[in-house]
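We use all heavy atoms of the structure for the numbers below, so side chains are in, but hydrogens, waters and symmetry mates are not. Since the model is a prediction, treat every value here as computed from it, not as a measurement.
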Amino acid sequence: MSPTEEIIMQCLWESGEDLTVYEITERLRTQYQRDYTNSAVATFMKSMLEKGMVTRFKVHHSYQWHPEIDMDEYRDRETDAFLDLWHHGSKSSMLASLLRDTDISEEELQEMRELLDEYSDQA
């Protein structure tokens, strides 16, 4: 997906309900500081419909748009692609990259430790 398509999908996923082009346009403006016209959003939606990412159905005089891609599945697929491209598939390399970030709070480090402990108990 293009970056704009990903943000549009975020709007749909986060809403938990089907949205009109107008509602998507408003969410893009208020939540993501992206100022698109309704016609631009409609163009993106038609392209995403052709790619099978969304479906639409008519309610009264407007179309409602529904995501056909699950957010968790998409995120996992994109994470795997990122991992393969930038870390040669190595999860420890990716974790080391995250840990080198100087903006990590002690709270985030503790959460990471707890996650590692939790997953090591499951292995």
Gap between atom OG1 of T4 and atom CE of M48 - 0.5 Å precision = 10.0 Å
CD on E111 to CG on L116, rounded to 0.5 Å = 12.0 Å
message = Are more than 12 heavy atoms, taken from residues, nucleotides or ligands other than K46, located less than 6.0 Å from that residue's NZ atom?
response = no
ask   = At what distance, to the nearest 0.5 angstrom, does CD of E114 lie from CG of L109?
value = 11.0 Å
inquiry  = Using every non-hydrogen atom in the two residues, find where D18 and Q64 come nearest and quote the distance to one decimal.
reply    = O-OE1, 3.0 Å
inquiry  = Working note: E106 + R113, criterion salt bridge (Lys or Arg N to Asp or Glu O under 4.0 Å); need CA distance, chi angles, decisive distance, verdict.
reply    = CA-CA 10 Å; E106 188 58 42; R113 286 183 192 104; 3.3 Å; yes
message = Any side-chain to backbone donor/acceptor pair from T25 onto V21? Under 3.5 Å, distance only.
response = yes
message = Could you report the tightest heavy-atom contact between W65 and L49, atom names first, then the distance?
response = CZ3-CB, 4.0 Å
message = For residues M94 and M112: do they belong to one hydrophobic cluster (side chain heavy atoms under 4.5 Å, members Ile, Leu, Val, Met, Phe, Trp, Tyr)?
response = no
Side-chain H-bond candidate by donor/acceptor type, S39 with T37, under 3.5 Å = yes
task = Could you tell me whether E78 and R75 make a salt bridge, using a distance below 4.0 angstrom between a side-chain N and a carboxylate O?
result = no
query = Minimum heavy-atom separation for G52 to E68, with atom names?
reply = O-CB, 3.5 Å
message = I need the minimum non-hydrogen distance between M53 and I69, along with the two atoms involved.
response = CG-CD1, 3.4 Å
message = Would you say Y22 ends up clustered with I7 if hydrophobic residues are merged whenever their side chains have heavy atoms under 4.5 Å apart, either directly or through other cluster members?
response = no
request  = Assess whether side-chain contact (heavy atoms from CB on, under 4.5 Å) is satisfied between E23 and S15, documenting all intermediate values.
outcome  = CA-CA 10 Å; E23 292 168 328; S15 75; over 6 Å; no
query = Is the number of heavy atoms from other residues, nucleotides or ligands under 6.0 Å of E107 CD greater than 12?
reply = no
key: salt bridge (Lys or Arg N to Asp or Glu O under 4.0 Å) between R27 and E14, intermediate numbers included   = CA-CA 10 Å; R27 286 173 184 261; E14 289 173 0; over 6 Å; no
query = Measuring from K58:NZ to H60:NE2, what's the distance to the nearest 0.5 Å?
reply = 11.5 Å
query = Does the side chain of Y36 reach to within under 4.5 Å of the side chain of R29, using non-hydrogen atoms?
reply = no
query = Shared ILVMFWY cluster between M71 and L19, side chains joined below 4.5 angstrom?
reply = yes
task = Might you point out which heavy atoms bring E73 and D70 nearest each other, and give the distance in Å?
result = N-OD2, 3.1 Å
L83 with L85, same ILVMFWY side-chain cluster at under 4.5 Å = yes
message = Just verifying a value: how many Å separate Y32 OH and C11 SG, rounded to the nearest 0.5 Å?
response = 5.0 Å
query = In the single-linkage hydrophobic clustering (I, L, V, M, F, W, Y; side-chain heavy atoms under 4.5 Å), do L12 and M1 co-cluster?
reply = yes
message = Between Q10 and E6, do the side chains contain a donor N or O and an acceptor N or O under 3.5 Å apart?
response = no
ask   = For the atom pair CG (L99) and CD (E108), what is the distance rounded to the nearest 0.5 Å?
value = 10.5 Å
